[in-house]
2 protein chains.
Amino acid sequence: MKKAEATRLNILHKAFELIYEKGYQTTSVDDIIATTQVTKGAFYYHFKSKDDMGLAIINDILKPTFTNSFVKPLQKEKNPLDSIYTLMYNLLMNNEFLKVEFGCPASNFTQEMTPWHANFSKVLDELTNEWIETMIAIIEKGKKSEFINKSVNAKQVTMFIMSGYWGIRNFGKLENNKNAYLPYLKELKNYLNTLK
Amino acid sequence: MKKAEATRLNILHKAFELIYEKGYQTTSVDDIIATTQVTKGAFYYHFKSKDDMGLAIINDILKPTFTNSFVKPLQKEKNPLDSIYTLMYNLLMNNEFLKVEFGCPASNFTQEMTPWHANFSKVLDELTNEWIETMIAIIEKGKKSEFINKSVNAKQVTMFIMSGYWGIRNFGKLENNKNAYLPYLKELKNYLNTLK
DNA sequence: CATAGAAGATACCATTTAGTATTTTGCAAA
DNA sequence: TTTGCAAAATACTAAATGGTATCTTCTATG
């Protein structure tokens, strides 16, 4: 029971890497079993289909990672504006898991699978909503503790900020470098200051 | 020479629609010739390969449309802040060419083709840069004509705004409705007001 | 009208794809 | 040690893919 779980996770991790780099559709099951050194029999023993594995990647790999890297850091600092800026800075500049040339895995999946794969849309929506709700919550909290102006609309600000993150990832991917990240981050800081 | 050009454009337009909806990789040449009612011989008479056609779509269809819908409107009004907001509002809420559930074609192409198809990246980068440069220019102009605060950094603001647009498209796609567009647009207006 | 070349039609190919059927191995409990 | 099942290996299939070779039809110009 232990070894089997290991091969399953091995498949998921390696497949995630491949899909993050090349995309879901262009990563074939044959690609995956070639790089994992796992046979097709083993693959289809662990997963009913390619899509079944794709969903497992999101649920078992992406979701926990996302929670750790995107959601939890939001709750670390007292001033939510600091939390938000630090999060974005770290995600874009420091996170060694996320590569500039491959964009954001959650965003890539959304772009590629939505709107045609309803199951994928669903779990991706859950993923995203966790992030949204957390950011809304810390902004509301920040309004109460006077870090943020009472007139600020938390939902609006959240959507505005998160859109920016997803969008700037696209620029990084397109230009294959982090040059675009810097002006974005500077202006994000300016914008956050207007919320005080 | 006239009829041939018509079939060529017919292929490009229909293929663009299919790819905009389903993605490039999942749209097969067989799909395209089926919906265009054009035979494979005709298809490969006009295009060396599928990728050759893909590039033609960007250069001959997407680029002109993009210039008309994204770039030119930026130069219409005297106050660049008005131009920007009106552009975004129209792109998201009124443009009948862009469908919320399918996202932004330029963004979709970027996500799917970059970084593995260098030729695609190149033309998409040109496309994007035209938009960036134009927005920077009108902001600089706006600073001179006192519509915009002199302390504003045009490049920063441009990257910040455009990221937001690309990102919010992703939200619309994910949720398959325009609900997320409204808070985004409201906050965009707030943000633009801070640049005065 | 004649005809050359542009434009399009048809049938096919080699490869790749996701998925399956069948067999073999490993290992834990009786 | 035997047995039973979990896990993995092997060999295959049908369908779809991008692309090509060859043939036919249309059309502009002399």
Side-chain angles (χ1 to χ4, degrees), chain A residues 1-61 108-109 112-113 116-120, chain B residues 1-61 108-109 112-113 116-120:
Chain A
M1 196 72 103
K2 208 59 181 302
K3 179 109 176 292
E5 189 59 16
T7 43
R8 191 190 121 98
L9 283 177
N10 183 27
I11 293 172
L12 287 179
H13 277 114
K14 293 260 175 61
F16 175 85
E17 281 302 319
L18 284 174
I19 290 167
Y20 177 37
E21 295 179 10
K22 309 199 314 169
Y24 182 82
Q25 314 276 6
T26 40
T27 301
S28 68
V29 175
D30 284 347
D31 283 341
I32 295 167
I33 67 174
T35 65
T36 47
Q37 304 268 54
V38 156
T39 60
K40 205 160 240 190
F43 181 93
Y44 279 100
Y45 172 79
H46 287 286
F47 306 103
K48 279 204 300 293
S49 63
K50 187 191 176 187
D51 279 3
D52 183 46
M53 181 220 56
L55 291 170
I57 285 180
I58 299 179
N59 281 316
D60 300 357
I61 308 289
N108 292 355
F109 263 117
E112 196 173 353
M113 309 312 279
W116 296 111
H117 295 70
N119 293 333
F120 282 84
Chain B
M1 195 71 102
K2 207 59 180 303
K3 179 108 176 293
E5 189 59 16
T7 42
R8 192 188 120 98
L9 284 176
N10 183 29
I11 293 173
L12 287 180
H13 278 114
K14 294 259 173 62
F16 175 85
E17 282 303 317
L18 284 175
I19 291 168
Y20 177 37
E21 295 179 10
K22 310 200 311 170
Y24 181 82
Q25 314 275 9
T26 41
T27 301
S28 68
V29 175
D30 285 349
D31 284 341
I32 294 167
I33 67 174
T35 65
T36 48
Q37 304 270 51
V38 156
T39 60
K40 207 162 237 193
F43 182 93
Y44 280 99
Y45 173 79
H46 287 285
F47 306 103
K48 278 204 300 292
S49 64
K50 188 192 177 188
D51 279 1
D52 183 46
M53 181 220 58
L55 291 171
I57 285 181
I58 300 179
N59 282 316
D60 299 357
I61 309 290
N108 292 355
F109 262 117
E112 198 173 351
M113 309 312 279
W116 297 110
H117 295 69
N119 293 332
F120 282 84

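Lettering of chains follows the sequences in order, A, B, ..., and the numbering in each one begins at 1.
Contact annotation: B:Ser28 reaches the phosphate of D:dT17 (side-chain N/O to OP1 or OP2, under 4.0 Å).
For A:Tyr44, the listed nucleotide lying nearest its side chain is C:dA18; candidates were D:dT20, C:dA18, C:dG8. Among D:dG19, C:dA18, D:dT17, the nucleotide with an atom closest to any side-chain atom of A:Val29 is C:dA18. Side chain of B:Thr7, nearest nucleotide from C:dG8, C:dG19, D:dT17: C:dG8. Distances were taken from every side-chain heavy atom of A:Ala42 (C-beta onward) to each of C:dA18, C:dG8, D:dA8; the shortest belongs to D:dA8.
Here D:dA16 presents its P atom at 15 Å from NZ of B:Lys50, a figure rounded to the nearest Å. If you take NZ of B:Lys48 and C1' of D:dT20, they are 16 Å apart, rounded to a whole angstrom. One interatomic measurement links the two molecules: CD1 of A:Ile19 to P of C:dA18, which rounds to 10 Å at whole-angstrom precision. Atom pair B:Asp30:CG and C:dC13:C1' shows a separation of 13 Å (rounding to whole Å applied). Rounding to whole angstrom units, CZ of residue A:Phe43 and P of D:dA6 are separated by 20 Å. Per the geometry, CZ belonging to A:Phe47 stands 15 Å off P belonging to C:dT20, to the nearest Å. Nucleotide D:dG19 holds its P atom 12 Å from the CD1 atom of B:Ile33, rounded to whole Å. A straight line from OH of B:Tyr45 to P of D:dT25 spans 18 Å, rounded to a whole angstrom.
B:Phe47 is listed as a side-chain neighbour of B:Leu12, based on a closest heavy-atom distance under 4.5 Å. Residues A:Glu17 and A:Lys14 are not in side-chain contact: their nearest non-hydrogen atoms beyond the backbone lie 4.5 Å or more apart.
Heavy-atom distances to DNA chain C give each of B:His46 and A:Thr26 a nearest nucleotide, and the one nearer the 5′ end belongs to B:His46. In this structure, A:Val38 and B:Thr27 both approach DNA chain D, and ranking their closest nucleotides by distance from the 5' end singles out A:Val38.
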| query | For A:Met53 and A:Phe43, what are the C-alpha separation, side-chain angles and deciding distance, and is it a side chain to side chain contact (heavy atoms under 4.5 Å, CB included)? | reply | CA-CA 9 Å; A:Met53 181 220 56; A:Phe43 181 93; 3.7 Å; yes
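Counting atom types as modelled, B:Lys40 pairs a side-chain N or O with a base atom of D:dG19 as donor and acceptor under 3.5 Å.
Within the structure, salt bridge (charged side-chain N to carboxylate O under 4.0 Å, His left out) contacts touching residues 26-48 of chain A (residues at least two apart or in different chains) are A:Lys22-A:Asp31, A:Asp30-A:Lys40.
The aromatic rings of A:Tyr24 and A:His117 lie perpendicular to each other, with more than 60° between the two planes, well past the 30° mark.
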